[in-house]
Amino acid sequence: MFRCSDPRELDTFGSGLKCTSCLRRSEASPGTLLTTDDVDTWQCDLESCGATVPASTVQRLVFRLWEQVEAAVDSPEAGVKELEAALAKFSRVLHPGHAGLARIKYSLCGLYGRSPGHELFKLNEKQLHRSAELPLCIAF
């Protein structure tokens with residue numbers, strides 16, 4: 001399996017996870033676990049932390065999370081409420097730029113303004129602002 005040689009993936013952090021060590025210490029701004037030159041290890045990017053995690057552990061976690069993301073997005077019951085809940089849940093462990101969060105946000109873009117109860121003419125100001133916050137949405 002080939003990976004981008006830049007652990008930050010051109011600053012997208014598409015595979016980045018929030019550092020579990022930083023989260024356990026309740027850091028206000030947790031570091032991000034990224035790949036290292038040693039393909040068997042991921043490391044927190046905060047110098048003050050530097051925690052390492054075996055790549056196999058990260059891989060198992062990511063596969064499990066990705067299955068849950070896909071299940072949430074592909075569910076026939078996946079509406080705005082459910083996907084917003086999934087986004088909040090996965091945002092606790094995934095970097096904001098992670099591909100899994102982008103997948104959920106993309107699905108939300110298709111729902112805001114189009115799904116029952118969230119039609120464009122029915123959106124309140126808060127919902128309109130929320131849809132505009134999603135970086136993948138095209139402005140209405």
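Among residues two or more places apart in sequence or in another chain, the salt bridge (charged side-chain N to carboxylate O under 4.0 Å, His left out) test is passed with Lys122 by Glu119. In this structure, Asn124 has no side chain to side chain donor-acceptor pair (under 3.5 Å) partners at least two apart in sequence or on a different chain. For the side chain to side chain donor-acceptor pair (under 3.5 Å) test, residues two or more places apart in sequence or in another chain that qualify with Asp38 are Thr41. Partners of Ser75 by side chain to side chain donor-acceptor pair (under 3.5 Å), not counting sequence neighbours, listed by chain and number: Glu77. Taking the side chain to side chain contact (heavy atoms under 4.5 Å, CB included) definition, one finds that Val58 meets it with Leu17, Trp42, Val53, Val62, sequence neighbours left out.
Grouping the Ile, Leu, Val, Met, Phe, Trp and Tyr side chains by contacts below 4.5 angstrom, directly or via other members, places Leu123 with Leu111. Side-chain heavy atoms closer than 4.5 Å link hydrophobic residues (I, L, V, M, F, W, Y) into clusters, and following such links, even through other members, never connects Trp66 to Tyr106. Clustering ILVMFWY residues whenever any of their side-chain heavy atoms sit less than 4.5 angstrom apart, transitively, puts Leu61 in a cluster other than the one holding Leu34. Connection of Val93 to Leu46 is not established within any shared hydrophobic cluster, with ILVMFWY side chains joined at heavy-atom distances below 4.5 Å, either directly or through further cluster members.
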Checking side-chain contact (heavy atoms from CB on, under 4.5 Å) for the pair Arg114/Leu120: CA distance, chi angles, key distance, verdict? CA-CA 6 Å; Arg114 296 176 186 87; Leu120 183 57; over 6 Å; no
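Note: Thr57 OG1 to Asp40 CG = 11.0 Å, rounded to the nearest 0.5 Å. Taking OG of Ser115 as the reference point, atom NZ of Lys81 lies at 13.0 Å (rounded to 0.5 Å). If you take CD on Glu82 and CD1 on Ile104, they are separated by 12.5 Å, rounding to the nearest 0.5 Å. With rounding to the nearest 0.5 angstrom, the CG atom of Leu33 is 9.0 Å from the OG1 atom of Thr52. To the nearest 0.5 Å, atom OG of residue Ser29 and atom NZ of residue Lys18 are 9.5 Å apart. If you take CG on Leu128 and NZ on Lys126, they are separated by 12.5 Å, rounding to the nearest 0.5 Å.
By the 4.5 Å heavy-atom criterion applied to side chains, Cys22 and Cys44 are counted as neighbours. Using a 4.5 Å heavy-atom cutoff, the side chains of Leu101 and Ser91 are in contact.
In this structure, Phe121 stands alone, with no Ile, Leu, Val, Met, Phe, Trp or Tyr side-chain heavy atom under 4.5 Å from its own, directly or through other members.
Heavy atoms only, all atoms of each residue included: Pro30 and Cys19 are closest at CB-O, 4.5 Å. Across all non-hydrogen atoms, the minimal contact from Leu83 to Ser107 is CD1-CB, 3.7 Å.
Formation of a donor-acceptor pair under 3.5 Å by the Gln43 side chain with backbone atoms of Thr35 is not found in this model. Asp45 places a side-chain N or O within donor-acceptor distance of the main-chain N or O of Thr32, the cut-off being under 3.5 Å. In terms of modelled atom types and a separation under 3.5 Å, the side chain of Arg25 and the main chain of Cys49 share no donor-acceptor contact.
Applying the salt bridge (charged side-chain N to carboxylate O under 4.0 Å, His left out) test to residues at least two apart or on different chains, the pairs with a partner in residues 46-75 are Glu70-Arg103, Asp74-Arg103. Within the structure, the ring-ring contact (aromatic ring centres under 6.0 Å, His included) test picks out the following pairs touching residues 71-95 (sequence neighbours left out): Phe13-His95. Annotation: salt bridge (charged side-chain N to carboxylate O under 4.0 Å, His left out) contacts involving residues 84-98, sequence neighbours excluded, comprise Glu84-Arg130.
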